[in-house]
J.: 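Quick one: the structure is below, and I'll ask about it shortly.
All chains are named by letter (A, B, ...) in the order of the sequence lines, taking the proteins before the strands, and each is independently numbered beginning at 1. None of these values were measured; they are calculated from a predicted model.
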2 protein chains.
Amino acid sequence: MARKTGSHAEITGPKVRAAAQKLFARMGYAAVSMRRIAEEVGVQAGALYLYTPDKQTLLYDLMKSHMEELLAAWAAAEKGGDPLARLEAFVRFHIRFHLERPDAVFIAYMELRNLEAENFARIEALRKAYEDELEAILADGRAAGLFDVPDTKLATLALIAMLTGVNTWYREGGRLSRERIESIYLDMALGAVGAEAGRARAMAAPCREAE
Amino acid sequence: MARKTGSHAEITGPKVRAAAQKLFARMGYAAVSMRRIAEEVGVQAGALYLYTPDKQTLLYDLMKSHMEELLAAWAAAEKGGDPLARLEAFVRFHIRFHLERPDAVFIAYMELRNLEAENFARIEALRKAYEDELEAILADGRAAGLFDVPDTKLATLALIAMLTGVNTWYREGGRLSRERIESIYLDMALGAVGAEAGRARAMAAPCREAE
DNA sequence: GTCTATAGAAAGATAGAC
DNA sequence: GTCTATCTTTCTATAGAC
């Protein structure tokens, strides 16, 4: 405890990011002032500029961290073997990851408009990389005759929109558990890409049912 | 031509709304100033207040008009007979309606945060009424054994998220026609609610399944 | 590292001339 | 109906004391 009072760089920095994330998600980037963020952190507005060169960079860093975390988490996830198992892994991963970070997800989808051109391009590249992961699964599944997908790009965007939509209505402690939500969305996702129809056809003989 | 110069109430009013809609959609409500709207219209900032009491009302009126137009258009649409036909009508209607109004749709989804409490409640009620239309179709379809939907509320939100997602990537003159997009999304929607599986099962002769 | 103070720009909204 | 002018507030960002 030999430190000078008022010296809290390692703790204040993350607090600034946390406060910005919370406020940007609730009120929107453009509607949040640096003063409001400072108030949330418990410092004066001027002190924020020790941790970010400006407001824009604060937003960009939040979005970049989120997207990189998303890609890293997916890279580290269990991914099963055949396309059907990989699709299930993706759906469950996507929902779980997104439900755990509602604020970051909200910002990543709503504040693209407020990024300057260069920052926007970098975030879009990361998003594209994530979409490509799903599209590869759908393409492999189609090639294997497991999925009925006329356009893998469209199906990718449709599935991601559907899955991410969970964040718009999910509330902690609601009537459905996350596990249950995952399973319901998984069935819908499989149906959307014709996986159940494919399976039903494949198993035509002895009358078996999925899940 | 006996009018006084500078008298353009009937033309300027709609122009203000059109300019606000365009700018709110591109930059976001909070990031657009009244001066910027005035510039787009070609008048001075003060003149805007002849057409709206304040900026908030401008936003609210845009969103209210959009939602009311949506409900009215659906009420007037052809809706087919059985739940399968009604679902197809809904999907095609939703995509067509939304693709024709990208700016209004964008605002309706992105600017809810910027509505004052009372205005927010009114818009949410209109949105709920629209969701209820789809949920009724799904509930009827399930009751008739046509759809496999464990939770109609969830399926409603999932479908709407998926369908509205078209607006995030569709661009005029892209590689797919609207008709083609409608058809692809329709197939995915039917698959998601188990309509195709139901059909396949029904045609599979002896194999019947519970639920 | 945080504070107070402030520069400089821009915001929403209004008053009154024409 | 539109303009100019302005009131009042708030904003981002910086300077300099402690």
J.: Would you please confirm or rule out a distance under 4.0 Å between OP1 or OP2 of dT10(D) and any side-chain N or O of S33(A)?
T.: no
J.: Given atom CD of E39(A) and atom C1' of dC11(D), what is their separation to the nearest angstrom?
T.: 15 Å
J.: Counting the atoms with a prime plus P, OP1 and OP2 as sugar-phosphate, which does V41(A) contact under 4.0 Å by heavy atoms, base, sugar-phosphate, or nothing?
T.: nothing
J.: Donor-acceptor pairs under 3.5 angstrom involving side-chain atoms of residues 19-27 of chain B: please list them, not counting sequence neighbours.
T.:
residue : atom : partner : partner atom : Å
K22(B)  : NZ   : E40(B)  : OE2          : 2.7
R26(B)  : NH1  : K22(B)  : O            : 3.3

J.: Which one, dG1(D), dT2(C), dA11(C), comes nearest to the side chain of Y51(A)?
T.: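 Minimum distance to the Y51(A) side chain belongs to dT2(C).
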J.: Would H66(A) and F106(A) count as a close aromatic pair, with their ring centres under 6.0 Å?
T.: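 H66(A) vs F106(A): aromatic centres not under 6.0 Å.
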J.: In this structure, how many angstroms lie between the P atom of dT2(D) and the OH atom of Y49(B), rounded?
T.: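 Result: 15 Å.
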J.: If I take atom CZ in residue R35(B) and atom P in nucleotide dA9(C), what distance separates them, rounded to the nearest angstrom?
T.: 14 Å
J.: What's the CD-C1' distance between Q56(B) and dA13(C), to the nearest Å?
T.: 15 Å
J.: Round to the nearest Å and state the distance from N114(B) atom CG to dG12(C) atom C1'.
T.: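 After rounding, the reported distance stands at 15 Å.
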J.: How long is the line joining CD1 of I37(B) and P of dA11(C), in whole Å?
T.: 11 Å
J.: Between P on dG1(D) and NZ on K15(B), what's the gap in Å once rounded to a whole number?
T.: 15 Å
J.: Using heavy atoms to find the nearest nucleotide of DNA chain D for A30(A) and G46(B) separately, return the residue whose nucleotide is more 5′.
T.: G46(B)
J.: Using ring centroids (six-membered ring only for Trp), state whether F97(A) and W74(A) fall under 6.0 Å.
T.: no
J.: In terms of side-chain heavy atoms of A47(A), which of dG1(D), dC3(C), dT14(C) is nearest?
T.: dC3(C)
J.: From the options dA13(D), dT2(D), dA13(C), select the nucleotide whose nearest atom is closest to the side chain of M34(B).
T.: dA13(C)
J.: Does a side-chain N or O from Q44(A) land closer than 4.0 Å to OP1 or OP2 of dT2(C), or not?
T.: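 It does not, given that no N or O in the side chain of Q44(A) lies less than 4.0 Å from OP1 or OP2 of dT2(C).
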J.: Side chains of T57(B) and D54(B): do they bring a donor and an acceptor to under 3.5 Å?
T.: yes
J.: To the nearest Å, give me how far apart NZ (K55(B)) and P (dT10(D)) are.
T.: 15 Å
J.: Between F120(B) and Y60(B) (judged by ring centroids, cut-off 6.0 Å), do the two rings come close enough to count as a pair?
T.: no
J.: From the set dG1(D), dA13(D), dC11(D), return the single nucleotide nearest to any side-chain atom of L50(B).
T.: dG1(D)
J.: For T12(A) and dG1(C), is the shortest distance between a side-chain N/O and OP1 or OP2 below 4.0 Å?
T.: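 For dG1(C), neither OP1 nor OP2 has a side-chain N or O of T12(A) closer than 4.0 Å.
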